[in-house]
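What follows is a single structure, written as structure tokens, with notes after it.
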Amino acid sequence: REGRGGLRWYTQATAAANAHRETVNWALVLLDALRQDRFRVFFQRLHPLGLTDSGAHTPLRVEALVRLWDPKTNLLVSPGQFISPAERFHLIGEIDRWMLARVLELLGQHPALQASLGQVTLNLSAISLREPGLAAHVAQLLTRHRVRPDLLCFELTETEAITNLDHARTFMQTLRTLGCRFSLDDFGSGYASFTYLRELPFDTLKIDGLFVRDMQTDASHQVMVRSMVDMARLLEKPVVAEFVETEPVARLLADLGVQWGQGYFFHQPELLTVEALTEQARQAR
Ligand code: C2E
Ligand code: CA
Ligand code: CA
């Protein structure tokens, strides 16, 4: 109703038009953000499970997560909102390359940080993987910024977009030869977990947080997490569990022998200064 007796029909066509307008807006927002350098890097620390009381120290691992700064509201927008429009408009490649350049630049400028960190994880969209020059580009940036390749781990999400397994395998092999690592993100929830596991050389499995979050109260989720952990053990691949939000879940995962936990129970993603990050990395050693 438009008031004063006016009436507007809300039809499927209107809904489609609105959705269309919304995605077109996203395209403009993202293009602007790329031009005006409005992306920011957040880091979320991983937590070594089962080592906490023994006094054994493990070099700090962090996952880099992109944020979009909106000058109108002065708020940071979560990638949950803009990654899929970015993929649709073929802007994700540029965003991923921006993150890569920014993180490697940061590491290159701060040798003390680089020396004390254990691993930095970057997310790569399957669509970015399709770009033929990406592996060479990564290698070039590593050399230019003098970053140890074994510091980098790339998380790939299993989406329908990994259409060309041969290409993905070549990309991974090129960077693995240099020393970079690969992790299968959202394991268990994707389109073809087993195919990717069989066909692509992953170093680590990251169990999808939707199984982990409530595994203490949901028996079937717990069964699935246990099976994934068993399988990873048989495949001799370390496991990261994300969305660890409570202490009982953290304890359960440690009992299962999961190597790393990540989630609000341990650490939030943060906009850290280099000094803060370096200090945290020093303390973890
Ligand atoms: P993801 O890679 O699975 O990242 C985990 C997401 O869960 C992050 O959301 C993180 O903030 C959130 N999270 C962390 N701990 C917890 C927890 O304990 N509970 C819950 N409920 N959530 C938690 P974020 O940063 O909004 O990222 C969303 C997704 O966007 C990421 O999911 C990733 O797929 C994508 N993404 C983020 N950065 C990049 C990037 O640079 N490139 C690409 N291609 N994708 C990215
Ligand atoms: Ca991830
Ligand atoms: Ca994930």
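Residue numbers run from 1 in the order of the sequence given. The analysis underlying the following values was restricted to heavy atoms, covering all of them including side chains, and did not include hydrogens, waters or symmetry mates. Remember, it's 1-based here, ligands and their atoms both numbered in the order they're listed.
Within the structure, ligand 1 has P269 among the residues with a heavy atom less than 4.0 angstrom away. Distances from ligand 1 to the non-hydrogen atoms of E63 include at least one value under 4.0 Å. Contact annotation: Q262 has no heavy atom less than 4.0 Å from any atom of ligand 1. For R67, the closest heavy-atom approach to ligand 1 falls below 4.0 Å.
From the protein, the heavy atom lying nearest to atom 3 (O) of ligand 1 is E242 OE1, 3.3 Å. The single protein non-hydrogen atom nearest to atom 4 (O) of ligand 1 is L65 CD2, 3.8 Å, given as residue, atom name and distance. Closest to atom 44 (N) of ligand 1, if we only count protein heavy atoms, is D96 OD1, 3.0 Å. Nearest protein neighbour of atom 35 (C) of ligand 1, counting heavy atoms only, is I83 CG1, 4.0 Å. Among protein heavy atoms, the minimum distance from atom 41 (O) of ligand 1 is reached at M99 CG, 3.4 Å.
Ligand 1 has a nitrogen or oxygen under 3.5 angstrom from a nitrogen or oxygen of V66. Below 3.5 Å of separation, one finds an N or O of D185 facing an N or O of ligand 1.
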Which atom pairs, one a donor and one an acceptor, fall under 3.5 Å between side chains of residues 145-155 and the rest of the protein, sequence neighbours left out?
unit_1, atom_1, unit_2, atom_2, d
R148, NE, D150, OD1, 3.4
R148, NH1, Q114, O, 3.1
E155, OE1, K206, NZ, 3.3
E155, OE2, K206, NZ, 2.8

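Contact annotation: for L122 versus ligand 1, there are no heavy atoms closer than 4.0 Å. Contacts of I95 with ligand 1, taken as heavy-atom pairs under 4.0 Å, are absent altogether.
The structure places CG of L184 at 8.5 Å from OG1 of T157, a figure rounded to the nearest 0.5 Å.
Grouped by direct or indirect side-chain proximity (heavy atoms under 4.5 Å, Ile/Leu/Val/Met/Phe/Trp/Tyr only), W260 sits with L46, V240.
Inside a 4.0 Å radius of atom 9 (O) of ligand 1 there is not any protein heavy atom.
Q173 and R169 share no donor-acceptor pair across their side chains, judged by distance under 3.5 Å alone.
Only protein atoms were considered; those of element N, O or S under 3.0 Å from the Ca ion (ligand 2) number 4.
Identified under the salt bridge (charged side-chain N to carboxylate O under 4.0 Å, His left out) test for residues 244-272, with sequence neighbours left out: E247-R251.
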